[in-house]
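Data block below; observations after.
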Amino acid sequence: MKLAADLHIHSCLSPCGDDDMTPNNIVNMAYIKQLGAIAVTDHNSAKNLPAVAEVAKARGLVLVPGLEVQTREEVHLLCYFGELEDALRFGDVLYAHLPGLPASPDVFGEQRILNENDELIGTEPRLLIQSLDLSIEQVAALTREYGGLVVPAHVNKSANSIFCNLGFIPPGLDFPALEVYRKAPLPDADLSGYHLIYASDAHCLSQILEAEFFVDVETCSARGVLRALRRSDGPEGLP
């Protein structure tokens with residue numbers, strides 16, 4: 001079964017995400033755009049995933065629980081999980097490695113935690129868009145310890161990408177895929193052996209992908225999406 005997917009979306013928990021990036025708005029926009037699977041990947045936190053999971057389940061959409069983690073090298077990694085509980089535990093562990101710099105809503109934006117009815121239940125007191133004190137290798141190992149899969153984010157962007165910040169992919173990390181930003185040229189690097197994921201990195205509702213990028217899943221679930229990313233045939237769409 002082929003699922004149209006957008007595997008990089010930010011909610012209003014991310015300070016760079018619009019306030020209207022609520023669980024219901026994200027899921028319903030994805031439904032309108034005929035997506036079958038989404039990943040909500042807020043910066044260094046999983047605290048809006050329970051609400052998104054409830055809404056996605058009611059709408060019949062697959063939610064791939066995820067986080068966009070900023071490593072010590074200021075590289076962004078998409079960390080995907082097959083189960084919500086694994087993503088939440090992973091997020092709790094990351095929090096201990098997040099510096100204590102306080103949130104600054106006037107400068108960076110609100111960091112809003114919502115329930116399944118889009119009601120405000122809290123705000124995140126620490127600034128989420130900062131680097132953890134963990135290296136790329138440590139984040140990758142920790143993600144796998146919790147059953148997750150790691151994909152370097154927007155590798156062809158000029159900031160916070162593995163090629164921009166490091167110039168290469170460190171050996172031994174065994175990434176199955178790379179996320180690329182479709183509005184920029186591919187990096188001048190050998191990408192053979194990697195699946196390419198095209199996702200929106202949406203910070204507002206209009207940026208969520210149409211049904212243009214597909215994963216061929218054996219089971220209609222988050223685990224099914226992760227298995228598809230690992231398979232040799234991989235995803236397809238969005239040339």
Self-check item: Spacing of N165 atom CG and I162 atom CD1 [to the nearest 0.5 Å]
Solution: 9.0 Å
Quiz item: Within the side chain of T22, is there an N or O that forms a donor-acceptor pair under 3.5 Å with the backbone of N25?
Solution: yes
Quiz item: Do the side chain of K33 and the main chain of A211 share a donor and acceptor less than 3.5 angstrom apart?
Solution: no
Quiz item: When hydrophobic residues are tied together by side-chain contacts of less than 4.5 Å, even through go-betweens, does L84 share a cluster with V55?
Solution: yes
Self-check item: Shortest non-hydrogen contact between A159 and C164, atoms and distance
Solution: N-SG, 4.0 Å
Exercise. Heavy atoms only: give me the nearest S200-I9 pair and the separation to one decimal.
Key: OG-CG1, 4.1 Å
Quiz item: Does R227 use its side chain to pair, donor to acceptor, with the backbone of T219 at less than 3.5 Å?
Solution: no
Practice problem: Measure the CG-CG distance between L78 and L67 for me, rounded to the nearest 0.5 Å. | Solution: 9.5 Å
Quiz item: Does any N or O in the side chain of H195 come within less than 3.5 Å of the main-chain N or O of R231, such that one atom is a donor and the other an acceptor?
Solution: yes
Quiz item: Closest approach of I129 and Q70, non-hydrogen atoms and distance?
Solution: C-OE1, 4.5 Å
Quiz item: For the side chain of Q138 and the backbone of L134, is there at least one donor-acceptor N/O pair under 3.5 Å apart?
Solution: no
Exercise. Take Q111 and T123 through the side-chain hydrogen bond (donor to acceptor under 3.5 Å, both in side chains) test and state the conclusion after the steps.
Key: CA-CA 5 Å; Q111 299 182 153; T123 57; over 6 Å; no
Exercise. Identify the heavy atoms of A51 and N115 that sit nearest to each other, and give their distance.
Key: CB-C, 3.4 Å
Quiz prompt | Heavy-atom side-chain contact between E110 and D19 under 4.5 Å | solution = yes
Practice problem: Any chance you could measure L49, atom CG, to L13, atom CG, to the nearest 0.5 Å? | Solution: 8.5 Å
Practice problem: Could you give me the CA-CA distance, side-chain angles and deciding distance for Y146 and F81, then say whether ring pair (Phe, Tyr, Trp, His ring centres under 6.0 Å) is met? | Solution: CA-CA 8 Å; Y146 283 85; F81 298 87; 7.4 Å; no
Quiz item: Any cation-pi pair here, K157 with Y181, using under 6.0 Å and within 45°?
Solution: yes
Quiz item: Transitively linked via ILVMFWY side-chain contacts under 4.5 Å: L186 with L166?
Solution: yes
Practice problem: Determine, using the 4.5 Å side-chain heavy-atom cutoff (strictly less than), whether L205 and L35 are members of one ILVMFWY cluster. | Solution: yes
Quiz prompt | For L209 against F213, the heavy-atom pair lying closest together | solution = CD1-CB, 4.3 Å
Practice problem: Starting at SG of C220, measure out to CG of L3 and round the result to the nearest 0.5 Å. | Solution: 4.5 Å
Quiz item: Given E179 and H154, is the side-chain hydrogen bond (donor to acceptor under 3.5 Å, both in side chains) satisfied, shown in steps?
Solution: CA-CA 5 Å; E179 187 210 21; H154 42 64; 5.2 Å; no
Quiz item: Would you say Q34 has more than 12 foreign heavy atoms packed within less than 6.0 Å of its CD?
Solution: no
Practice problem: Show your reasoning for whether side-chain hydrogen bond (donor to acceptor under 3.5 Å, both in side chains) applies to H10 and D201. | Solution: CA-CA 7 Å; H10 290 273; D201 192 7; 3.1 Å; yes
Self-check item: Exam field: side chain S135 to backbone E73, donor-acceptor pair closer than 3.5 Å
Solution: no
Quiz prompt | pair T71-S131: side-chain heavy atoms closer than 4.5 Å | solution = no
Practice problem: Quick one: do N24 and D118 satisfy side-chain hydrogen bond (donor to acceptor under 3.5 Å, both in side chains)? Show the steps, please. | Solution: CA-CA 7 Å; N24 282 275; D118 290 353; 3.0 Å; yes
Practice problem: State plainly whether the residues R89 and D86 are in salt-bridge range, i.e. N to O under 4.0 Å. | Solution: yes
Quiz item: Under a 4.5 Å cut-off applied to non-hydrogen side-chain atoms, are L173 and I136 in contact?
Solution: yes
Quiz item: Are I197 and V75 connected in the hydrophobic side-chain network, where two residues link if heavy atoms are under 4.5 Å apart?
Solution: yes
Exercise. Compare every heavy atom of V64 with every heavy atom of A222, then report the nearest pair and how far apart it is.
Key: CB-CA, 4.0 Å
Quiz item: So which pairs with a foot in residues 49-59 pass side chain to side chain donor-acceptor pair (under 3.5 Å), sequence neighbours left out?
Solution: N28-R59
Quiz item: Short question: side chain of N160, backbone of H76 - any donor-acceptor pair under 3.5 Å?
Solution: no
Quiz item: Can you find a heavy atom in the side chain of F163 that is under 4.5 Å from one in the side chain of L191?
Solution: yes
Quiz prompt | K47 to Y95, cation-pi by 6.0 Å centre distance and 45° axis angle | solution = yes
Quiz prompt | Side chain N156, main chain P187, donor-acceptor under 3.5 Å | solution = no
Practice problem: Measure the SG-CG distance between C12 and D42 for me, rounded to the nearest 0.5 Å. | Solution: 8.0 Å
Quiz item: Shared ILVMFWY cluster between L128 and I121, side chains joined below 4.5 angstrom?
Solution: yes
Practice problem: Evaluate the side-chain proximity of L114 to L120: yes if any heavy-atom separation is below 4.5 Å, no if none is. | Solution: yes
Exercise. Report yes if the side chains of V27 and I38 come closer than 4.5 Å at any heavy-atom pair, otherwise no.
Key: yes
Quiz item: Roughly how far, to the nearest 0.5 Å, is CZ of R126 from CG of L98?
Solution: 5.5 Å
Practice problem: Return yes if some donor-acceptor pair links the side-chain N/O of E83 with the main-chain N/O of E85 below 3.5 Å, else return no. | Solution: no
Quiz item: With a 4.5 Å limit on heavy-atom distance, are the side chains of R223 and L226 in contact?
Solution: no
Quiz item: Are side-chain N/O atoms of S11 and R112 paired as donor and acceptor at under 3.5 Å?
Solution: no
Exercise. Would you indicate whether the side-chain heavy atoms of F90 and C79 approach each other to under 4.5 Å?
Key: yes
Quiz item: Does any N or O in the side chain of D6 come within less than 3.5 Å of the main-chain N or O of A199, such that one atom is a donor and the other an acceptor?
Solution: no
Exercise. With side-chain contact (heavy atoms from CB on, under 4.5 Å) as the test, would you mind laying out the steps for Y198 and V180 before giving the verdict?
Key: CA-CA 6 Å; Y198 294 88; V180 295; 3.2 Å; yes
Quiz prompt | Intermediate values then yes/no, side-chain contact (heavy atoms from CB on, under 4.5 Å), T41 and V69 | solution = CA-CA 9 Å; T41 54; V69 177; over 6 Å; no
